[in-house]
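Everything below concerns the one structure shown next.
Each chain gets a letter, A, B and so on, in the order its sequence line appears, and its residues count up from 1. What's counted below: heavy atoms across the whole structure, side chains too, no hydrogens, waters or symmetry copies.
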Protein chains: 2
Amino acid sequence: MSPKLPSTSRSLPIALIRAREGVMSPIRDMLSETDITEQQWRVLRVLSEFGTLDTTTLADRSSLLFPSLTRIAATMRDKGLLTQTRDEVDRRRQLIEITAKGQKIIDDRTGQTTQIVADFKTRLGSENYETLLDLLALLDPGSHD
Amino acid sequence: MSPKLPSTSRSLPIALIRAREGVMSPIRDMLSETDITEQQWRVLRVLSEFGTLDTTTLADRSSLLFPSLTRIAATMRDKGLLTQTRDEVDRRRQLIEITAKGQKIIDDRTGQTTQIVADFKTRLGSENYETLLDLLALLDPGSHD
DNA sequence: TCAGAATTATTAACATGTTAAGGAAATGCT
DNA sequence: AGCATTTCCTTAACATGTTAATAATTCTGA
């Protein structure tokens, strides 16, 4: 008498994937005219907001796995979007910093990005928008719940 | 005087990624004792729910891109989890069906899966859980909004 | 009927996701 | 000091995400 599985149409994992698709779609459109990916954009955003970061913190804040970030950072370094320097105090650590070229990519798109966010807030309504962020935070494993 | 970008800590894309991590974590744990991935599990779930499907419909319902599904289906066919047959009416189409071996993987884990879903409902509260699914649906591009 | 357009699926190429193994530097303990 | 442990990062190997190009089949309209 095992209970039936929920329909995939009301499945949380699938709903999250589809929502992400919907949210990323306009951002992807914006980035299509550049040479950077969605993940590289995320790295730029985090570096721009927090300044120089070590790799571990950067991975955490941009929600990337370490091995992915290793490759992405190497690519971005080669493109001149960021610099990597070794921490002289703790020589295991690497410090990553955005370059002027990287910052310009963000600055040139601040208006577009702001508009995209505003559109989603309008679509959901401000209150729902905040509610959604709060509910999503409850599912975040990094929130120590 | 361009407006400031929102902090990445209240960013919808990042919140969605992290939430997905949290939701998939116990499912990933469950699957770690098997030889199938999270995406292969999703394909099995959809095939089990809807029966024989053509590739396009299967890709849509399991939220996978076509090229990904091509590879995943080939892998799963080699593992004996599904069968692929050509549609005799429209010979462009391919029909995919779950095998008994594939169905068994789901059946053996119905209890665990149900428990995982129940845990999330408890964590959020039933009402919040439904609210979350509704809000996520608003962001789904497939919902013709 | 038949050439052009649309549909269905595959393949290619590169970036990322994911887990496991490995390497270098710091830390802790004796 | 010296060795095991831990931390930080890289590399490897394979699966998937993503976009573009291609092939096979069907559809459409003159």
Under 4.0 Å between a side-chain nitrogen and a carboxylate oxygen: does that hold for [X] and [Y]?
X	Y	value
B:Arg93	B:Glu88	no
A:Arg10	B:Glu130	yes
A:Arg42	A:Glu38	yes

Is the phosphate of [N], meaning OP1 or OP2, less than 4.0 Å from a side-chain N or O of [X]?
X	N	value
A:Ser32	D:dT19	no
B:Thr56	C:dA9	yes
A:Thr55	D:dC8	no
B:Arg91	D:dT26	no
A:Ser68	C:dG17	yes

Atom [atom1] of [X] to atom [atom2] of [N]: distance rounded to whole Å?
X	N	atom1	atom2	answer
A:Asp60	D:dC9	CG	P	12 Å
B:Trp41	C:dT18	CH2	P	18 Å
A:Leu64	D:dT16	CG	P	20 Å
A:Asp54	D:dC8	CG	P	8 Å
B:Asp35	C:dT18	CG	C1'	14 Å
B:Glu21	C:dG17	CD	P	10 Å
B:Arg92	C:dT10	CZ	P	13 Å
A:Ile72	D:dT11	CD1	P	15 Å

Open item on the list: Judged by each residue's nearest nucleotide on DNA chain D, which is more toward the 5′ side, A:Asp90 or A:Arg28?
Closed with: A:Asp90
Task: Comparing A:Phe66 and A:Arg20 on DNA chain D - which has the more 5′ nearest nucleotide - done: A:Phe66
Open item on the list: Can you work out whether A:Gln39 or B:Thr70 has the more 5'-proximal nearest nucleotide on DNA chain C?
Closed with: B:Thr70
Open item on the list: Does B:Arg71 contact D:dG17 through a side-chain donor or acceptor facing the base, at a distance under 3.5 Å?
Closed with: yes
- [ ] Would you check if B:Ile105 and B:Trp41 make a side-chain contact, meaning some heavy-atom pair closer than 4.5 Å?
- [x] yes
Open item on the list: Can you identify which nucleotide, out of D:dG17, C:dT10, C:dT18, has its nearest atom closest to the B:Gln94 side chain?
Closed with: C:dT10
Open item on the list: Can you identify which nucleotide, out of D:dC8, D:dA24, C:dA12, has its nearest atom closest to the B:Pro67 side chain?
Closed with: C:dA12
- [ ] Indicate yes or no for a side-chain donor-acceptor contact from A:Ser25 to the backbone of A:Gly22 under 3.5 Å, with no hydrogens or angles considered.
- [x] no
